[in-house]
Amino acid sequence: MSKEGQDVTSHIFAGWQRGGDTSGPSYYWQGNDTLKVPRSMHAQNRQRLVSLMDRKSCKGVALLLGGTGKTRDDSDHEEIFRQESNFHYLFGVAEPDCLGAIDVRDGSATLFIPRLPADYAMWMGPIASPEDFKKKYEVEAVRYVDEIPAFVAEFAPETLFLYEGVNTDSRAKGTPATFEGIEAYAADREVLHEAVYEARVIKSELELEVMRFANKVSSDAHIAVMRQVRAGMMEYQMESIFLHHCYSVGGMRHQAYTAICGCGPNSSVLHYGHAGAPNNRKLGRDQMVLNDMGNEYYCYSSDITCSFPVSGVFTPQQRSIYEAVLETTVEVMSALRPGVEWFDMHELAERVLARHLIALGFLHGTVEDVMAVHLPAVFMPHGLGHLMGIDTHDVGGYPKGAERAQRPGLRNIRLNRRLEEGMVVTVEPGCYFINHFIEEALSDEARAKYMDAAKVRGMVGFGGVRIEDDIIITSDGMELMTNVPRTVKEVEAVMSGMDFPLEDSDYPIPRNARWS
């Protein structure tokens with residue numbers, strides 16, 4: 001290929017090896033000090049999928065629909081495209097409006113791309129050829145979307161495996177691929193959905209490297225926010241600092257989820273930051289901040305929450321609630337290992353929190369008393385954490401046969417399974433003073449008798465505290481990917497301008513220094 005041709009191809013496909021060389025392996029890379037991710041990762045993922053499908057004696061093809069490019073309402077404003085998660089897992093394709101086929105016998109892949117009109121080049125740049133796509137994404141073949149009927153006819157499958165089923169976290173239904181004449185073929189609409197979800201639950205080492213990098217950048221972004229917070233700032237300014245760091249340093253264009261930046265009473269709104277409450281309160285000097293923010297790199301998420309005082313120094317009241325949550329997260333992380341049931345970890349978190357609430361005088365009786373009437377769920381109404389990966393609330397939390405608990409606290413948990421090596425989970429206990437739940441509990445005699453009504457009601461304006469870390473389950477325990485100040489000593493030191501990590505840190509959990 002001529003130097004001119006190399007430059008054109010490099011322009012079409014940012015993320016190849018630099019210098020215009022497209023003869024070697026293909027990588028996703030945002031330049032500078034960002035992580036190079038080999039595209040071969042997706043071939044490994046496809047092999048894992050067909051292994052779990054276990055249909056190697058069947059002449060079958062799995063057909064998947066990629067994400068669709070969208071415009072805002074009826075305008076021509078093009079929204080920034082982010083690939084459908086299952087399609088990214090299996091193909092790593094950045095472009096919209098594609099489909100993919102996988103031979104379930106050997107994992108070989110054919111990518112189908114849209115046949116673009118000539119004037120696309122005027123607005124969007126040079127049009128890549130099928131051969132360009134084949135080299136970039138390292139698939140066995142590339143054809144146009146309008147050739148799918150011919151491809152399937154040539155393949156003559158015994159079974160078409162289509163992605164159709166319900167996401168147990170969102171309750172939303174996946175969209176299966178289709179084409180003209182599909183009704184002529186026998187179709188299985190269950191096996192692919194179950195297999196791709198199970199495949200995504202256990203991360204490969206290549207996937208874990210991407211998630212470690214996303215955590216490194218997002219952790220540093222949280223620290224940048226903590227260093228710059230001052231009374232009188234707006235909540236959205238914290239979000240702005242975070243996003244700027246993630247994009248400028250990590251090349252991370254996409255948020256893993258909408259940023260939650262709540263101060264004072266807003267810190268007790270679990271998913272604050274939405275369109276109706278867009279992080280727009282002024283920070284008060286005597287208030288706590290709860291920042292739940294994470295960006296994604298190459299579609300792989302981070303999900304980190306930091307809580308700290310606007311003033312930079314904890315009051316005795318702030319410290320007591322914060323350290324109750326900190327001890328909860330430390331005890332849970334110390335218990336994580338393969339074979340542990342996640343429901344048991346949630347109940348452990350509730351017990352630790354109950355112990356502190358009793359010691360602080362908010363609750364009366366014994367830990368067993370308050371557990372029996374589910375009082376910890378008044379102060380921590382959400383689940384302990386969730387699987388994480390290409391989606392922040394990743395798939396596979398409720399495998400086939402797993403049921404949702406109905407009791408308070410557990411009914412909102414996003415994960416009901418035994419932990420295995422290679423899983424990535426969040427650990428995110430919290431303690432919130434939410435008026436609705438407090439008054440509901442006080443109106444129930446069975447719970448009210450264990451509550452100091454005046455003391456609990458007096459905390460309603462306080463808001464809440466959450467501490468959230470991202471964890472890899474290892475063969476003998478866990479690896480902490482998140483690296484932010486956690487103890488009172490660390491938080492106050494960093495907010496006063498000291499370097500992090502501290503040389504004399506008092507945090508008991510080993511941190512991942514891989515990206516330091």
Side-chain angles (χ1 to χ4, degrees), residues 1-31 34 37 39 42 63-102 109-152 154 163 175-182 247 251-255 296-299 390:
M1 183 182 292
S2 68
K3 185 175 186 300
E4 179 181 356
Q6 289 176 1
D7 288 342
V8 169
T9 307
S10 180
H11 170 70
I12 295 171
F13 286 143
W16 280 55
Q17 291 182 317
R18 287 307 185 255
D21 177 15
T22 61
S23 61
S26 178
Y27 295 88
Y28 173 84
W29 183 41
Q30 289 289 74
T34 63
V37 185
R39 306 275 187 189
H42 303 286
L63 194 62
L64 293 103
L65 178 66
T68 304
K70 298 177 181 178
T71 58
R72 182 188 294 167
D73 303 320
D74 61 350
S75 75
D76 66 352
H77 170 76
E78 295 184 7
E79 298 177 356
I80 297 176
F81 177 73
R82 194 270 196 189
Q83 187 58 264
E84 192 274 336
S85 294
N86 296 307
F87 203 78
H88 177 78
Y89 177 76
L90 294 168
F91 295 96
V93 173
E95 293 82 1
D97 306 319
C98 297
L99 288 90
I102 300 172
T110 300
L111 177 65
F112 297 91
I113 62 174
R115 196 185 296 271
L116 299 171
D119 63 358
Y120 176 96
M122 177 176 70
W123 300 105
M124 309 298 282
I127 297 173
S129 69
E131 185 62 25
D132 293 329
F133 273 89
K134 183 179 177 182
K135 288 180 180 178
K136 179 182 180 183
Y137 293 116
E138 298 184 346
V139 292
E140 282 70 25
V142 176
R143 298 175 70 165
Y144 289 108
V145 168
D146 57 28
E147 296 178 297
I148 290 177
F151 165 83
V152 177
E154 293 161 12
Y163 176 81
T175 303
T178 190
F179 59 90
E180 187 175 350
I182 193 172
Y247 204 178
M252 299 161 74
R253 190 176 201 181
H254 292 278
Q255 293 176 270
E296 60 179 39
Y297 187 79
Y298 197 46
C299 292
I390 300 177

Restricting to non-hydrogen atoms, name the atom on [X] and the atom on [Y] that form the minimum distance, rounded to 0.1 Å.
| X | Y | value |
| --- | --- | --- |
| Val37 | Tyr297 | CG2-CE2, 4.0 Å |
| Phe91 | Ala109 | CE2-CB, 3.8 Å |
| Tyr89 | Ile390 | CB-CD1, 3.5 Å |
| Pro117 | Ile127 | O-CD1, 3.4 Å |
| Ala101 | Phe112 | CB-CE1, 3.8 Å |
| Phe87 | Leu64 | CE1-O, 3.6 Å |

If you measure from [atom1] on [X] to [atom2] on [Y], what distance do you get to the nearest 0.5 Å?
| X | Y | atom1 | atom2 | answer |
| --- | --- | --- | --- | --- |
| Glu147 | Arg115 | CD | CZ | 5.5 Å |
| His77 | Thr71 | NE2 | OG1 | 9.0 Å |
| Tyr137 | Asp132 | OH | CG | 11.0 Å |
| Leu116 | Trp123 | CG | CH2 | 15.5 Å |
| Tyr144 | Phe133 | OH | CZ | 9.0 Å |
| Arg82 | His254 | CZ | NE2 | 7.5 Å |

Query - Partner residues of Thr110 under the side-chain hydrogen bond (donor to acceptor under 3.5 Å, both in side chains) criterion, sequence neighbours left out - result: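 Thr110 satisfies side-chain hydrogen bond (donor to acceptor under 3.5 Å, both in side chains) with no other residue.
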**Report entry** Contacts of Gln255 that satisfy side-chain hydrogen bond (donor to acceptor under 3.5 Å, both in side chains) - sequence neighbours left out
**Finding:**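 With sequence neighbours excluded, Gln255 shows a side-chain hydrogen bond (donor to acceptor under 3.5 Å, both in side chains) to no residue whatsoever.
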So, do [X] and [Y] sit near enough that their side-chain heavy atoms are less than 4.5 Å apart?
| X | Y | result |
| --- | --- | --- |
| Cys98 | Ile113 | yes |
| Leu99 | Phe179 | no |
| Glu95 | Pro114 | no |
| Leu65 | Glu84 | no |

Query raised in the report: Does Glu296 reach the main-chain N or O of Met252 with its side chain, forming a donor-acceptor pair under 3.5 Å?
Result: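 No.
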Query raised in the report: Relative to each other, are the rings of His42 and Tyr298 parallel, tilted or perpendicular (30° and 60° limits)?
Result: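 The rings of His42 and Tyr298 stand perpendicular, inter-plane angle above 60°.
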Query raised in the report: Around Glu180, counting heavy atoms of other residues, nucleotides and ligands shown, do more than 12 lie under 6.0 Å from its CD?
Result: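 No, the 6.0 Å shell around CD holds no more than 12 heavy atoms from other groups.
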